[in-house]
Every structure is written in C-alpha cells, then in structure tokens.
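Take a look at the structure set out below.
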Amino acid sequence: METQTQHFDVAIIGGGAAGLSAAQALGRARRSVVVIDAGEPRNAPAQGVHNFLSRDGMNPLELLKAGRAELVKYGVEVVKARALDSRRSDLGFTVTLDNGMDVSARRLILASGLRDQLPNIAGLAQHWGRDVLHCPYCHGWEVKDQRLGVVDSAMAMHQAPMFTQWSKQVTLFKDPRKVLTAEESEQLEALGVEVVEASVTAVLGEPGSLHGVELSDGTQRGLDALVVMPNFDVDVSCVKSLGLVTQEHVSGIGRHVSADELGQSTVPGLWLAGNVANPMAQVIMAAADGLGVGAKVNADLMQEEFAHKVEQLRQEKAAVHNVHA
Ligand SMILES: Cc1cc2nc3c(=O)[nH]c(=O)nc-3n(C[C@H](O)[C@H](O)[C@H](O)COP(=O)(O)OP(=O)(O)OC[C@H]3O[C@@H](n4cnc5c(N)ncnc54)[C@H](O)[C@@H]3O)c2cc1C
C-alpha cells in the first residue's frame with residue numbers, strides 16, 4: 001500500500017495543553033499546522049483541572065476538546081494517531097504515524113508530555129488521579145481535612161510536611177529500613193505528622209473510594225487518600241532516530257529532555273513544549289510554554305523566509321545588471 005504524505009510548515013507531536021497552544025499560536029500566524037495526538041493526556045484520570053484560571057474543575061478531556069474546536073477556524077489539522085518515527089527530509093522532517101500516513105514539515109514540535117511511573121503497590125494504579133495523588137495544587141483542596149497517608153519515597157520529607165497545609169491528619173508510612181534525622185523527626189512532630197514504621201503493601205477500596213491501606217507489618221489503616229511520588233519518565237521513541245536524548249532532571253524526580261531558554265532542543269529544527277521538557281509545568285504553564293514555543297518557531301521560519309527573499313532579490317538584481325552590462 002502506498003503511504004500518503006501531507007506537507008505542513010509545522011508538525012506537532014502531542015495534543016495536550018502544550019501542543020494545542022503551540023498549534024493555536026501558529027495557526028493564527030497563518031502557518032499550516034498538523035497536530036498528531038494519541039489522545040492520552042497525563043491528567044486524564046483526574047475528574048477536574050484545577051489552578052487554571054477561568055476553567056477551574058473542568059474535565060481534562062473536555063478542556064482539550066474545547067481547545068481542538070478553537071483550532072478549526074485557523075485551519076489546524078488534528079490527527080488522532082501515534083507518531084512512530086521521524087527522519088530528516090528535504091523539507092525538514094518526515095514523521096511516520098501508526099495510521100499509515102506520513103507527515104512532512106519544516107519544523108517539528110515535540111509536546112508529548114511525560115509518563116507517571118507509579119510505585120508498585122497492589123491496587124494503587126486504579127485509584128491514581130482520584131484518591132491516590134501526588135500534587136497538592138492539583139488535588140489538595142479536594143482532600144482537605146481528610147485522613148491522608150504518605151507513601152515513603154525520596155520526596156516523602158517534602159510531601160508529608162507540605163500536605164499538613166491541607167489536612168491536620170497526615171500519616172507518613174516510613175520504610176522501616178530508613179532512619180530519619182533528628183531534624184526531620186522534630187519537624188514531623190512539630191507539624192503533627194504521625195510516623196508509622198511500616199511500608200504500604202496494598203490499597204484498599206473500589207476505584208474512586210479508597211478506604212485504607214494494608215501495611216508490611218500485616219495491619220490495616222483507615223484512610224481517605226494516599227499521597228505518592230511517581231517517577232517521571234519521557235518516551236521520545238518517535239524522534240529517537242533524530243538523535244534526541246533524555247536526561248535526569250536536576251530535581252531527581254525522573255527524566256526529561258532539555259531545551260534551551262527558547263524551547264529549542266539539541267536537534268536543529270526540533271522544538272520542545274510542556275512536560276516533556278519541564279516536568280513541573282501545570283496545565284496553564286504547559287499551555288503558556290506551547291504559546292511561547294509556537295511564536296519562536298514562527299519567528300524561526302520567518303527568518304528563513306526573509307533570508308530566502310533577500311537572496312532572490314539579489315539574484316534578480318544581478319540578472320538585470322548582467323543584461324544591461
Ligand atoms: C493525576 C493528575 C492530575 C493532574 N491535575 C492537574 C490539575 O488539576 N491542574 C494542573 O494544572 N495540572 C494537573 N496535572 C498536570 C498536567 O497533567 C500537566 O501539566 C499537563 O498534562 C501537561 O501538558 P502537556 O501538553 O505537556 O502533556 P499532556 O497533557 O500529557 O499531553 C501530551 C499528549 O501527547 C500525546 N502523545 C504522546 N506521545 C505521542 C506520540 N508518539 N504520538 C502522538 N501523540 C503522543 C499524549 O497521548 C497526550 O495526548 C495533573 C497531573 C496528573 C498526573
């Protein structure tokens with residue numbers, strides 16, 4: 001079967017807040033744009049998006065649906081597909097999709113987000129984004145004043161004290177092999193955090209209604225929500241052939257791809273927006289990042305076009321000059 005190839009100024013891999021915002025900026029700048037989106041945004045398990053002014057509590061998938069609808073009038077194409085691979089072409093890049101299509105574009109924006117690798121605890125994954133959570137700014141208000149457990153991790157001494165801002169009933173389930181410093185113990189005591197010397201082995205309850213945890217000492221504890229720290233990872237297999245590599249994030253929370261201050265990757269012509277580069281970006285920040293990168297990519301294309309036009313003019317003038325000489 002022959003592969004169809006469509007040509008665009010910019011191809012964007014990922015149609016979350018970052019990718020759609022980049023597409024809007026570029027569409028409004030009269031660029032031809034395609035967004036390739038597998039449709040699995042990171043916050044899909046959550047009921048609502050919080051800390052996005054004017055959209056507080058809106059379902060994450062509805063927010064993106066509204067975003068896609070806004071792109072129609074700017075002629076942006078959104079293709080529901082997964083990008084599998086990318087390679088250099090005469091135009092810039094060719095991206096192969098899992099629906100048999102090839103897309104070619106002068107510039108590429110990777111806005112594919114990150115993956116939350118959850119702790120391996122029985123029953124935990126089915127509660128993720130509802131009553132198993134990691135970010136107080138995303139869900140803290142929703143679990144305020146409830147019985148909160150914190151699973152031990154490298155970030156536990158950050159999370160347990162922090163969540164006392166939202167509830168006075170915080171329990172840290174400390175890995176018994178770990179020893180707290182005197183300073184850490186004092187801080188937890190001062191903040192009223194209970195420390196239990198046992199690891200969480202299972203989460204109890206139906207999805208959306210967690211009612212407790214099972215512990216390594218064989219006991220159970222009643223809880224309303226559990227705080228975990230996922231390991232952040234990025235999948236850049238769709239641009240791997242271009243030579244893009246991932247790095248450990250400085251904070252120690254996982255991997256990301258580093259970009260310069262404009263959003264440019266180490267691969268010329270390949271730009272990055274949202275969680276793939278900045279794992280700490282919330283939805284509104286990922287959207288802002290997408291807008292910024294979209295504008296930078298437009299400026300980059302303009303520079304190339306202006307240089308080309310100047311060169312054309314010079315050649316035309318030289319040709320006229322030669323005729324008269
Ligand atoms: C449970 C949970 C709840 C959260 N709640 C909030 C909240 O309330 N408020 C808030 O501000 N933030 C919240 N966040 C953070 C929020 O999810 C991120 O800020 C946001 O998703 C980042 O947007 P993004 O566009 O970078 O990535 P994403 O939203 O993850 O979008 C990336 C898109 O790229 C697609 N993709 C990936 N690879 C490919 C490929 N090869 N081909 C095609 N498409 C691909 C994915 O399917 C996805 O649709 C939450 C996070 C989690 C985990």
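Whatever order the structure lists ligands and atoms in, that order sets their numbers, starting from 1. Values below: all heavy atoms of this structure, side chains included; hydrogens, waters and symmetry mates excluded.
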Starting from [atom], locate the nearest protein heavy atom and write down its residue, its atom name and how far away it is, to 0.1 Å.
{"atom": "atom 8 (O) of ligand 1", "answer": "His50 N, 2.8 Å"}
{"atom": "atom 50 (C) of ligand 1", "answer": "Asn43 CB, 3.6 Å"}
{"atom": "atom 41 (N) of ligand 1", "answer": "Ala83 O, 3.1 Å"}
{"atom": "atom 33 (C) of ligand 1", "answer": "Asp37 OD1, 3.7 Å"}
{"atom": "atom 13 (C) of ligand 1", "answer": "Cys138 SG, 3.4 Å"}
{"atom": "atom 31 (O) of ligand 1", "answer": "Gly16 CA, 3.5 Å"}
{"atom": "atom 22 (C) of ligand 1", "answer": "Asn275 OD1, 3.3 Å"}

### Point-to-point distance, once rounded to the nearest 0.5 Å, from CG of Leu210 to CZ of Arg147
9.0 Å

### Query
So how far is it from Leu172 CG to Glu184 CD, rounded to the nearest 0.5 Å?
9.5 Å

### Task
State whether Arg107 and Glu304 are salt-bridged, where the test is any N-O pair (Lys NZ or Arg NE/NH1/NH2 against Asp/Glu carboxylate O) under 4.0 Å.
yes

#### Entry: SB check Glu305 Arg31 (cutoff 4.0 Å)
yes

### Task
Could you list the residues that satisfy ring pair (Phe, Tyr, Trp, His ring centres under 6.0 Å) with His134, not counting sequence neighbours?
Trp128

Of [options], which has the heavy atom at the shortest distance from [atom]?
{"atom": "atom 11 (O) of ligand 1", "options": "Val49, Val283, Leu97", "answer": "Val283"}
{"atom": "atom 53 (C) of ligand 1", "options": "Asp116, Leu118, Ile36", "answer": "Asp116"}
{"atom": "atom 19 (O) of ligand 1", "options": "Ala281, Gly48, Ala38, Ala286", "answer": "Ala281"}

N/O to N/O below 3.5 Å, does that happen between [X] and ligand 1?
{"X": "Pro45", "result": "no"}
{"X": "His134", "result": "no"}
{"X": "Glu40", "result": "yes"}
{"X": "Asn51", "result": "no"}

### Task
Take Asp145 and Lys168 through the test salt bridge (charged side-chain N to carboxylate O under 4.0 Å, His left out) and record every step on the way to the result.
CA-CA 6 Å; Asp145 299 328; Lys168 296 297 165 223; over 6 Å; no

### Query
With a 4.0 Å heavy-atom cut-off (strictly under), which part of Leu64 contacts ligand 1: side chain, backbone, both or neither?
neither

### Summary
Logged contact type for Pro60 with ligand 1, heavy-atom cut-off 4.0 Å, is neither

### Linked, directly or transitively: Val293 and Val35 (ILVMFWY side chains, under 4.5 Å)
yes

### Summary
Residues passing the salt bridge (charged side-chain N to carboxylate O under 4.0 Å, His left out) test with Glu40, sequence neighbours excluded, are Arg82

Consider only side-chain N and O atoms of [X] and [Y], and report whether a donor and an acceptor are under 3.5 Å apart.
{"X": "Glu70", "Y": "Gln24", "result": "yes"}
{"X": "Ser258", "Y": "Gln247", "result": "yes"}
{"X": "Asp102", "Y": "Thr96", "result": "yes"}

Any atom of ligand 1 sitting under 4.0 Å from a heavy atom of [X]?
{"X": "His139", "answer": "yes"}
{"X": "Tyr137", "answer": "no"}
{"X": "Pro230", "answer": "no"}

### Task
Determine, for Phe232 and Arg42, whether the Lys NZ or Arg CZ falls below 6.0 Å from the six-membered ring centre while staying within 45 degrees of the axis.
yes

